[in-house]
Amino acid sequence: MSPAPLDGVGAPQRPLRLVSSNEGDGSVTVLQPLAGSDVGTRPRALLAQMTLEEKLAQIVGFWEKADGEAVAPLQGEFTRDIGLAEAMRHGLGHLTRVYGTRPVEAVERAQWLWEKQRTLVRDTRLGIPALVHEECLTGLSAWRAATFPTPLAWGAAFDPDLVAEMGAVIGDSMRVLGVHQGLAPVLDVIRDPRWGRVDECISEDPYVVGTLGTSYVRGLQSMGVHATLKHFVGYSGSQSGRNFAPVHAGPREVEDVLLVPFEMALLDGGARSVMHSYAEIDGVPVAADPAMLTGVLRERWGFDGAVVADYFGVAFLHLLHSVAADLGEAAGLALAAGVDIELPTGDAYLTPLAEAVRAGRVDEALVDRAVLRALEQKEELGLLDATFDDEPPTAVDLDSAEHRRIAARLAEESLVLLANDGTLPLAAPARVAVIGPNADRVEALFGCYSFLNHVLAHHPGVEVGIEIQTVADALATELPGAEIIGARGCAVDDDDRSGFAAAISAAATAEVAVVVVGDHAGLFGRGTVGEGCDRDDLELPGVQRELVEAVLATGTPVVLVLLTGRPYAVDWALGRCAAVVQAFFPGEEGAQAIAGVLSGRVNPSGRLPVSMPRSAGAQPYTYLHPQLGGNGDVTNLRSTPALPFGHGLSYTTFARSDLQVPAQVATDSPVEASVRVTNTGERAGEDVVQLYARDVVGSVTRPVAQLIGYQRVRLEPGESILVTFSAPPARLAFSNRDLVRVVEPGELELWVGPSCAERETEARTTLTGPAHRVDTSSERWTSVSVR
């Protein structure tokens, strides 16, 4: 695929200047590029004038505390009680989540924000505005803002260009409201589906994570908003899939799997901010690890942006990791490692750090380094010259027709048809039973970091603010000639079976039963998936499996719809249900997309971005396993998943044939591979062409399959196309015994098929020449042409 999905946004972003521009009904502050020669002198001049208090003010955030909120770990224990006026007295680095902590009208809040920025400009000695950051993983986290499919759905769509479009409209909404930095994307590679934050992640494949994450960065930053890569690094590899748990990954796994997406998003996407992981790797918390935050980020990759703390992450060095005796020592460790800005507040970087500096326990030069980076980021964004004399927007549309178009298309592309005996698409049924806890619940369409589940859950009396159909509503619209009979059956996660009788009765009188089950996304134990909502098992939560089996027992054909934030162990359902559709929290247009797939209006084209597990006992599992990570005679237990990475059915059929590769390829040259793809069915459809490779013999064990290129293509019935991949050496590289990333000579197997597990057409080549070292100057993207 091409690494440049948007015009002019493939390269690292140039610094930006704030200027006034008429936008809609009001005058707003817009970001425009600065010339390179204009950058650098102002920050140093400002730093030279600063007192210690003014310096520290620039490297912390402020978060207004509100009773009853819990949208970050231990928020109530940490959020400081000082008021904003006191926090702004010496200036302020960041304003934390101005729009995204409670339901506020955007225009009114923008007026408040502009007033606070004017106060900083006019009433503080140095006149430096605050940088405003927000969550934006599935859209701007603000009331009435568009909410897109969760990142796991991006992975299922395999469409980098569309993800870039989504990033651009999210960035545009943020820019208009005076938000400068977004805390997304999440580039953690999925290692264990029991982990609660799987719904925030893109895939178990680092290349898929890297391409889609980089595309999101390009889209967001094309609007002048800085993206923040998180969580650097290893967070998803936690012990037993537990949030915050230690990570036991070896250096080769870190290099070849976990770091890959971050490298791509920084070097190819030009991301301007990075957030550290809460995790420790082999006993060293990342927030206190200069080898990662300075050695890898800055010295190897040349990153010159800002590193921000995950919320309260600096204080956690003292309180949870116990590597610091107090908050002052924690601040010193984090600064030395390379954490420039403490978020969401200044628990460690204000009074504790000031005392440590004055006592000689922390070198003030470390403070100066962080302050300079913070000021350079503000200069890039044009904030050092901003006056906020212009007026904030007087009208904004955060859920426009364009937002909706992109949300609908991404939702449709992300739906994965796991199984189908021919029941789908539905053939004008007269009576349809729509059953299950997620059939008539809008919250079921959204992930943990959606505004609805992240914030509105704490404000039950407030309307959702955007138009959302439930699956039941959408099916009624999609099938106007059918009688729809609804029955909840049970809740997502309790043991109440009192609704089973109504569900069984509804199914028994229907031609088909659509049973919609799955997750409820929440935080810290308030959901079945989401931050701090990990699982011991991978069965459907509560008594949902019993509900499905009770409906199956009626004999009515069952179409099972999984609305989840992780893959569940549902192999028992794949052969018994008439059809199974997987939806990974598909967002505000998700119900219409699901109804469209069931009716046949939408031809499903999503592919599994994660393996569909057979059991929790087989975890952690990845398709990128070496030979002994799979089935064999050396163990009595199967480890293969119920369905493999890349699997997904369609209402048409595709043939992939005649894979061609050269007989020999130099280790320092790209592998050119072409394959013919033909739509052999009777309707138009989209295929995700997947090119896999296996290094037959390596100096260290190698995966039995590795995706090295992919491309979404649309074909009319009978149409045939030639898809050509050019996979650079970096796609085949790995860390050898000396932990040097190389491409080694030897045999290489390649294949294309409907998943990683099926070699529909295959070929072999021999890599020749000496071992080739891959570094940051190497091309990382596989380019693709279609003709």
Side-chain angles (χ1 to χ4, degrees), residues 1-2 152-163 189-190 202-212 215 260 413-418 567 582 604-612 622-625 640-641 643-650 652-661 670-680 685-695 703-715 720-728 731-732 748-765 781-786:
M1 91 215 31
S2 168
L152 198 53
W154 312 353
F158 283 88
D159 192 339
D161 290 358
L162 185 56
V163 170
V189 179
I190 297 168
I202 295 170
S203 176
E204 72 181 76
D205 182 88
Y207 183 59
V208 174
V209 179
T211 49
L212 294 174
S215 297
V260 169
E413 291 187 0
S414 72
L415 298 180
V416 186
L417 181 60
L418 301 181
Q582 174 67 65
S605 59
R607 303 292 184 265
L608 284 176
V610 287
S611 305
M612 185 67 68
T622 171
Y623 92 94
L624 294 165
H625 62 77
T640 50
L643 290 172
F645 173 89
H647 171 82
L649 304 178
S650 171
T652 189
T653 53
F654 298 98
R656 302 103 182 160
S657 61
D658 197 25
L659 178 63
Q660 297 289 322
V661 297
V671 174
E672 306 284 344
S674 63
V675 63
R676 183 155 297 281
V677 182
T678 304
N679 183 344
T680 55
E686 295 189 27
D687 189 25
V688 176
V689 187
Q690 306 164 46
L691 176 65
Y692 293 92
R694 181 190 175 214
D695 191 349
V704 295
Q706 180 181 357
L707 184 73
I708 63 171
Y710 67 88
Q711 181 67 38
R712 173 177 279 271
V713 295
R714 178 178 176 81
L715 291 92
S720 182
I721 59 174
L722 190 68
V723 182
T724 301
F725 297 91
S726 180
R731 294 278 47 83
L732 303 171
L748 188 71
E749 298 175 348
L750 298 106
W751 68 95
V752 174
S755 73
C756 68
E758 187 175 341
R759 300 187 177 199
E760 188 173 347
T761 177
E762 54 188 314
R764 297 171 77 95
T765 189
W781 291 65
T782 295
S783 60
V784 186
S785 63
V786 179

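All residue numbers in this chain count up from 1 along the given sequence. Every value quoted in this text rests on a predicted model; they were computed, and no experiment measured them.
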Any side-chain heavy atom of [X] within less than 4.5 Å of one from [Y]?
X: I190; Y: L152; value: yes
X: E204; Y: S611; value: yes
X: S203; Y: F645; value: yes
X: D159; Y: W154; value: no
X: V610; Y: M612; value: no
X: Q660; Y: V675; value: no
X: L722; Y: V786; value: no

Test salt bridge (charged side-chain N to carboxylate O under 4.0 Å, His left out) applied to [X] - qualifying residues, sequence neighbours left out:
X: E762; value: R759
X: D687; value: R607, R656
X: R764; value: E747, E749
X: E413; value: R409, R712

Mutual orientation of the aromatic rings belonging to Y710 and Y207 [parallel < 30°, tilted 30-60°, perpendicular > 60°]: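 Rings of Y710 and Y207: perpendicular, as their planes differ by over 60°.
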Parallel, tilted or perpendicular: rings of Y692 and W751 (30°, 60°): parallel
List for me each residue that meets side chain to side chain donor-acceptor pair (under 3.5 Å) alongside [X], sequence neighbours excluded, and say none if there are none.
X: S755; answer: none
X: T761; answer: none
X: T652; answer: N679
X: S657; answer: none

How many angstroms lie between [atom1] in [X] and [atom2] in [Y], if you round to the nearest 0.5 Å?
X: E672; Y: S726; atom1: CD; atom2: OG; result: 3.5 Å
X: S605; Y: F654; atom1: OG; atom2: CZ; result: 8.5 Å
X: S215; Y: D161; atom1: OG; atom2: CG; result: 6.5 Å
X: Q582; Y: S414; atom1: CD; atom2: OG; result: 9.5 Å
X: H625; Y: T640; atom1: NE2; atom2: OG1; result: 8.0 Å
X: F725; Y: L691; atom1: CZ; atom2: CG; result: 5.5 Å

Can you name the closest pair of heavy atoms from [X] and [Y] and give their distance?
X: T782; Y: G709; answer: CG2-CA, 4.1 Å
X: A763; Y: V661; answer: CB-CG2, 3.7 Å
X: L212; Y: G155; answer: CD1-CA, 3.6 Å

Audit row: L707, Y623, side chain to side chain contact (heavy atoms under 4.5 Å, CB included) steps and yes/no: CA-CA 10 Å; L707 184 73; Y623 92 94; 3.3 Å; yes
Mind checking side-chain contact (heavy atoms from CB on, under 4.5 Å) for [X] and listing every partner two or more places apart, or none if nothing turns up?
X: P604; answer: L417, V597, Y651
X: A693; answer: I708, L732, L748, L750
X: T653; answer: T680
X: S785; answer: T724

Identified side chain to side chain contact (heavy atoms under 4.5 Å, CB included) counterpart of F158 within the set V688, V163, T211: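 Single pass found, and it is V688.
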V416/L649 under side chain to side chain contact (heavy atoms under 4.5 Å, CB included): CA gap, chis, key distance, verdict: CA-CA 7 Å; V416 186; L649 304 178; over 6 Å; no
Exam field: side chain Q690 to backbone G646, donor-acceptor pair closer than 3.5 Å: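 Present.
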